[in-house]
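Per chain, numbering begins at 1; letters A, B, ... match sequence-line order. Computed from a prediction, not measured in an experiment: that's the story for all the values here.
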Protein chains: 2
Amino acid sequence: MSVDPPGRTGFQPVRPVRAYQRVAEQIEERILAGHLPPGSRLPAERELVRQFEVGRSTIREALRVLQSAGLIRSRPGDPLGAEVLGVSPDTLSHALGRLARSHLSGPAELIQFRMVLDAESYRLAARLHTDDDLRRLTELVDRMADCAQAAGSGNTPPDTHTFSQADAGFHRVVAEASGNALLALCARAVHDAVVDAIESTLQHARDEGGAADRMHRSTRHHRLVVEALGSRDGARAARLGRQALFDSYSPHMSPQDLTRLRAALD
Amino acid sequence: MSVDPPGRTGFQPVRPVRAYQRVAEQIEERILAGHLPPGSRLPAERELVRQFEVGRSTIREALRVLQSAGLIRSRPGDPLGAEVLGVSPDTLSHALGRLARSHLSGPAELIQFRMVLDAESYRLAARLHTDDDLRRLTELVDRMADCAQAAGSGNTPPDTHTFSQADAGFHRVVAEASGNALLALCARAVHDAVVDAIESTLQHARDEGGAADRMHRSTRHHRLVVEALGSRDGARAARLGRQALFDSYSPHMSPQDLTRLRAALD
DNA sequence: ACGATCAACTGGTCTGACCAGTCGCCTGGT
DNA sequence: ACCAGGCGACTGGTCAGACCAGTTGATCGT
């Protein structure tokens, strides 16, 4: 047993806890603990009013908090009540997006962060992937190549949808192969934040003509990554990931940001 | 001009935008754009009701959303209205914490993620730090050494408070030196999540006697990191960061987790 | 000059109401 | 027998008005 020295009693300032907070906490706890799995439904608001014994405004404010955290979604008229969504990386993206917009950081940090996360995902995947992972990745790159080929021929509009779906699938498989879901989720969140924050601000010179070109370059990059993964060369895979991001964003960066970005290159 | 192919008209499903959403968006925009700087005040709720021409519940739900995003804080009875906090990293921590609690296969992922983030912070700091950064880091390590020394002598209770404060300061300076606040914030958030998730679960064998020992080891580690930073050896600094985490947690890991942790070692 | 008091606020909560959707059932026509 | 249409009985979204407890600053009595 240790005795508190005088003046350091360890007492915590007690702050009032609002009713809506405790409601939100109880529900969030249920969701995070795995009761109330994704897809399940919350009781109707008026039913929650009875169960929690609070007013409807309190219930509604609690639900607003949960909704803004991305844990639930509600739709007017739905007789089943609000839908539980589980935890998604969207909130993380939003938080990152706000941070990137604020003075606390900037778009270059976001890119740099992506370089780190992507590279490390690749590195882990290179060491831990299975043959099946590699087969699926090859398949996805082939599909991307087909897409890019068709887009390059010019007689059909570029099917960006299929392409980006294959691209997303590629990164999903890499994530699985890396064995670290958290890393992958963060990478995705940062990716989304980058797309939101940068692509909208920067004058994106992606005319229809450039689409096929971007597809080709992206396909080539992914092909190289698969090769590096196949030879279990983690360092090379990581370098590829970093370099690709650097190449695609460096034209838009200020000289100062460029220096900092370069520091993350290898 | 390109013509939409039949069946792919590019129309977006239009979903109704709630009143509270538009209120929240308007206020968030003002905050993020720099009007309404941190420390400034929002009008009182009843005043916002007049300005936005909506009911008070709508205003309150909007404020709840902003509050749960950490952008504002309100206190009952405050005649100045809600306080603008600006963008804070707390939301990021919460989002990461939720992610960690739900999509996690085990504590190993969390540790692995920390290994990556810490290592990359060190690597960047090694390349970008200034002489002043290095001086401050040396100072902090000296303070840690003093603490560890005093705790080792045994005639006073170990001053864990001062020690952990110096430790936190160390990581803050590294974060500044790395030039990437985002990386540091995530590392911090994951650190907190680790403390929450692991230390409570694992039987933490940190009796009073072990405190001095842990302090000594931690001091030695930080000293080595400072050396690596000083010689601008990014790779070595990164390796040190990874290894330290691996060493401190590997005794508690299952053989399978160990394999995966080892994959992130270098 | 100073401390107690009080009135005018604040945000937090509750109640009750209305609206526009949504869904299930039930009925009427075929 | 079947299906379309309509009719309720719900849902969540919004509003209005009230009360409470807490904060604050001016006011008043000493």
Which part of the nucleic acid, if any, lies within reach of B:Ser74 when heavy atoms closer than 4.0 Å are counted: base, sugar-phosphate only, or nothing? sugar-phosphate
Classify A:Arg41 by what it touches in the nucleic acid, base, sugar-phosphate, or nothing, heavy-atom distance under 4.0 Å. nothing
Pick base, sugar-phosphate or nothing for B:Gly77, based on heavy-atom distances below 4.0 Å to the nucleic acid. base
Taking CZ from B:Phe52 and P from D:dC15, how many angstroms apart are they, rounded to a whole number? 12 Å
Nearest nucleotide by nearest heavy atom, which residue falls closer to the 5' end of DNA chain D, A:Arg60 or A:Glu47? A:Glu47
Under-4.0 Å side-chain N/O to phosphate OP1/OP2 contact, B:Thr58 with D:dC15: yes
For A:Arg73, answer base if it contacts any base atom (sugar-phosphate contacts may also be present), sugar-phosphate if it contacts only those atoms, and nothing otherwise; contact means non-hydrogen atoms under 4.0 Å. nothing
What's the CD-C1' distance between B:Gln21 and D:dG13, to the nearest Å? 11 Å
Looking at A:Glu25 and A:Arg18, is there a salt bridge between them, counting it only when a charged N and a carboxylate O are closer than 4.0 Å? no
Using modelled atom types only, decide if a donor and an acceptor are shared between the side chain of A:Arg114 and the backbone of A:Val190 within a distance under 3.5 Å. no
Quick check on DNA chain C: between A:Pro79 and A:Glu53, whose nearest nucleotide comes earlier from the 5' end? A:Glu53
Minimum heavy-atom separation for A:Phe170 to A:Leu140, with atom names? N-CD1, 3.6 Å
Taking A:His35 for the side chain and A:Ile31 for the main chain, is one N or O donor matched with an acceptor at less than 3.5 Å? no
In whole Å, what is the span from the CG atom of A:Leu63 to the P atom of D:dT11? 13 Å
Please determine whether a side-chain nitrogen of the Lys or Arg among A:Arg136 and A:Glu176 lies less than 4.0 Å from a carboxylate oxygen of the Asp or Glu. yes
Tell me: CZ of A:Arg46 to C1' of D:dT14, nearest whole Å? 11 Å
Reading DNA chain C from 5' to 3', where do the contacts with chain B start and stop? Cut-off is 4.0 Å to heavy atoms. C:dT10 to C:dT13
Please tell me which of A:Val49 and B:Leu80 maps to the more 5' nucleotide of DNA chain C, matching each residue to the nucleotide holding its nearest heavy atom. B:Leu80
Taking B:Ser218 for the side chain and B:Met215 for the main chain, is one N or O donor matched with an acceptor at less than 3.5 Å? no
Using a 3.5 Å distance criterion without hydrogens, assess whether the side chain of A:Ser93 forms a donor-acceptor pair with backbone atoms of A:Ala193. no
Does A:Arg75 have a side-chain nitrogen or oxygen under 4.0 Å from the phosphate oxygens OP1 or OP2 of D:dT11? no
If you go through the side-chain atoms of A:Arg56, does one of them form a donor-acceptor pair with the base of D:dG13 closer than 3.5 Å? yes
